[in-house]
There are 2 protein chains.
Amino acid sequence: MEITHYQRLYTQLKSQIQSGHYKEGDLLPSENELGSQHRIARMTVRRALTELANEGYIRKVKGKGSIVSATRKSLGLLSFKGFSEVVGAEHQVKTMTLRAPTVMAWPDRFFYALSQEEQQAGCVTLERVRFVNDEPIMIEYTYLPQMGLIDFCESPFVDGSLFKTLSLNYQTEITNIEQDIRAVTADEVTAFLLKVKPLTPLVQLYRRYHTSRPDYYVYSHLYCNTEQYTISNFQ
Amino acid sequence: MEITHYQRLYTQLKSQIQSGHYKEGDLLPSENELGSQHRIARMTVRRALTELANEGYIRKVKGKGSIVSATRKSLGLLSFKGFSEVVGAEHQVKTMTLRAPTVMAWPDRFFYALSQEEQQAGCVTLERVRFVNDEPIMIEYTYLPQMGLIDFCESPFVDGSLFKTLSLNYQTEITNIEQDIRAVTADEVTAFLLKVKPLTPLVQLYRRYHTSRPDYYVYSHLYCNTEQYTISNFQ
DNA sequence: TAGTGGTCTAGACCACTAA
DNA sequence: TAGTGGTCTAGACCACTAG
């Protein structure tokens, strides 16, 4: 058995909540109903619902049912999923590439200490602006050590996703994220790109992604406009 | 039935781990063994063990058993540990209490949707400023639903820590954190408290801590001055 | 091969909600 | 009173670990 019953039900209900098929305050079908619909035992249904409740998607009320919780208008940006995977489910997302992947020297005063190997390898840089519902929300500068990235600059990304490309073409899985968070005021360039007034407060993130390749990290540096959307994080 | 079987087993095992009867690396008795010792079904044992695993006290290994974990879950400021535990190791930390725990009504337009029960229960509020190396770095407004917090406002915190107090005196463990992050400019009061100029950009966090008590959440709202220190996060 | 945890079933009784 | 979620049982088969 590849995927388990409770996982399938959990995934299905979660996506139905995220897509708006079940809205805030709605009652899910009862445990017995879900069980007979999917031809699984009630205890198996309960396992899926318990997981959803632990993650805050629903709350269970004895004698009443499972109630869909408020969905937050927020971008789950602090997880280590790629941008499109995280935000795309609930919002329309576009990416504009300011600089396609380019081999360069590392910037001076890089925000993380680099190993000698990374220094010598050089880096691939790309710059992108992320749009949510046609508003520019985030500028991202990404830096990858130029180690084993054959044809990386020449071929387009798989599904437009950096992380999918690393996974499928370079067997490099993102396993972890380490990040530093600051509040800063927008400089002129950043304000122009995010279409905000200069001095607007932005969240600045320095990130180091850990990967399944030993000693291989992906770095990124980004600014987020949080006036309309917040950055959300759930551990 | 006042206390449930899985709760009793959970509590017993947890205290045996905390007291050192089971040490790091030890195997707990198997699920079948615990079941026959306590004359309860294996599924009931599993529920207690699953809870312990979720909270990081043990890890379960298929084919082997349940292994007692190291006691510390180390993480950065965005983790769900209390402030003193996280920052205190490397920096000198002090806390100034602006408002000691006080029973109040909930603020208008609270940042998370509250359940009816939480609304009716009222809340305990406290306000604290955190200092790192004698600089005010963070203002934290904490809100706890006034449910079962007997003598909470009358007694001091255990070791000065809210989370230790909740754990030891109220059997409430923090299990998870959900948070929204924004950049804002300091208003006058906040600027004064953090000793920064008005309009300085600050990181604003809205937090909802999940706990081991069903449907019991702790809320907090905080401002961080990130000019000197950043907020770090490692998943 | 014996023992372990992972998943699952088909029942059961209870306390609670809402009509 | 009918239906709901909370707890619990006594089985079952599986994949995995370790001797």
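Residue numbers start from 1 in every chain, and the chains themselves are labelled A, B, ... in the order their sequence lines are given, proteins ahead of strands. From a predicted model like this one, the values you see are computed outputs, not experimental measurements.
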Enquirer: Mind checking salt bridge (Lys or Arg N to Asp or Glu O under 4.0 Å) for B/Arg47 and listing every partner two or more places apart, or none if nothing turns up?
Expert: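 For B/Arg47, no residue satisfies salt bridge (Lys or Arg N to Asp or Glu O under 4.0 Å) once neighbours in sequence are set aside.
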
Enquirer: Side chains of B/Glu118 and B/Tyr219: is there a donor and an acceptor less than 3.5 Å apart?
Expert: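 B/Tyr219 and B/Glu118 do have a side-chain donor-acceptor pair below 3.5 Å.
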
Enquirer: Looking at the rings of B/Phe110 and B/Tyr143, which for Trp means the six-membered one, are their centres under 6.0 Å apart?
Expert: yes

Enquirer: Below the 4.0 Å mark, does C/dC8 have OP1 or OP2 next to a side-chain nitrogen or oxygen of A/Tyr6?
Expert: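 Checking C/dC8 against A/Tyr6, no side-chain N or O comes under 4.0 Å of OP1 or OP2.
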
Enquirer: Under 3.5 Å, is there a donor on one side chain and an acceptor on the other for B/Tyr170 and B/Asp151?
Expert: no

Enquirer: Using OP1 and OP2 only, check whether a side-chain N or O of B/Lys60 sits under 4.0 Å from C/dT4.
Expert: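 Looking at the OP1 and OP2 atoms of C/dT4, neither is under 4.0 Å from any side-chain N or O of B/Lys60.
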
Enquirer: Can you confirm whether the side chains of A/Gln204 and A/His221 place a donor and an acceptor under 3.5 Å from each other?
Expert: yes

Enquirer: Can B/Ser69 and B/Arg59 be counted as having a side-chain donor-acceptor contact under 3.5 angstrom?
Expert: no

Enquirer: Please tabulate, one pair per line, each protein N/O and nucleotide N/O from nucleotides 17-19 of chain C that are separated by under 3.5 Å, including the distance.
Expert:
residue	atom	partner	partner atom	Å
C/dT17	O4'	A/Gly63	O	3.4

Enquirer: Could you pull out the closest heavy-atom pair between A/Leu149 and A/Gln146, with the gap in Å?
Expert: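 Shortest heavy-atom contact: CB-OE1, 3.4 Å.
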
Enquirer: Measuring only between side-chain heavy atoms, which start at C-beta, is A/Lys60 closer than 4.5 Å to A/Thr50?
Expert: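 SC-SC contact between A/Lys60 and A/Thr50 confirmed.
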
Enquirer: Check whether any side-chain N or O of A/Ser66 sits under 4.0 Å from OP1 or OP2 of D/dG5, and answer yes or no.
Expert: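 Answer is yes, contact under 4.0 Å.
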
Enquirer: For B/Glu31, which residues count as a salt bridge (Lys or Arg N to Asp or Glu O under 4.0 Å) partner, sequence neighbours excluded?
Expert: B/Arg42, B/Arg46

Enquirer: Write out the stems for DNA chain C, ordered by first number and formatted as range with range, counting runs of at least 3 consecutive Watson-Crick or G-U wobble pairs under 3.5 Å.
Expert: C:1-18 with D:1-18

Enquirer: To the nearest Å, how far apart are B/Arg59 CZ and C/dG6 P?
Expert: 13 Å

Enquirer: Tell me yes or no: between the side chains of A/Thr230 and B/Arg182, is some donor less than 3.5 Å from an acceptor?
Expert: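 No, no side-chain donor-acceptor contact under 3.5 Å.
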
Enquirer: Is any side-chain heavy atom of B/Arg130 closer than 4.5 Å to one of B/Glu140?
Expert: yes

Enquirer: If you take any heavy atom closer than 4.0 Å to DNA chain C, which residues from residues 27-34 of chain A end up in contact?
Expert: none

Enquirer: Rounded to whole Å, please give me the gap between CG in A/Leu52 and P in D/dG5.
Expert: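 In whole Å, D/dG5 P and A/Leu52 CG are 13 Å from each other.
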
Enquirer: Near DNA chain D, under 4.0 Å by heavy atom, which residues of residues 37-47 of chain A?
Expert: A/Arg42, A/Met43, A/Arg46

Enquirer: Measure from CD1 on B/Ile3 to C1' on D/dT7 and round the result to the nearest Å.
Expert: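 Whole-Å distance recorded here is 13 Å.
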
Enquirer: Between A/Tyr141 and A/Tyr206, does the ring centroid distance fall short of 6.0 Å?
Expert: no

Enquirer: Ignoring hydrogens and geometry beyond distance, is a side-chain donor-acceptor pair present between B/Tyr209 and B/Arg207 at under 3.5 Å?
Expert: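 Present: a donor and an acceptor within the cut-off.
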
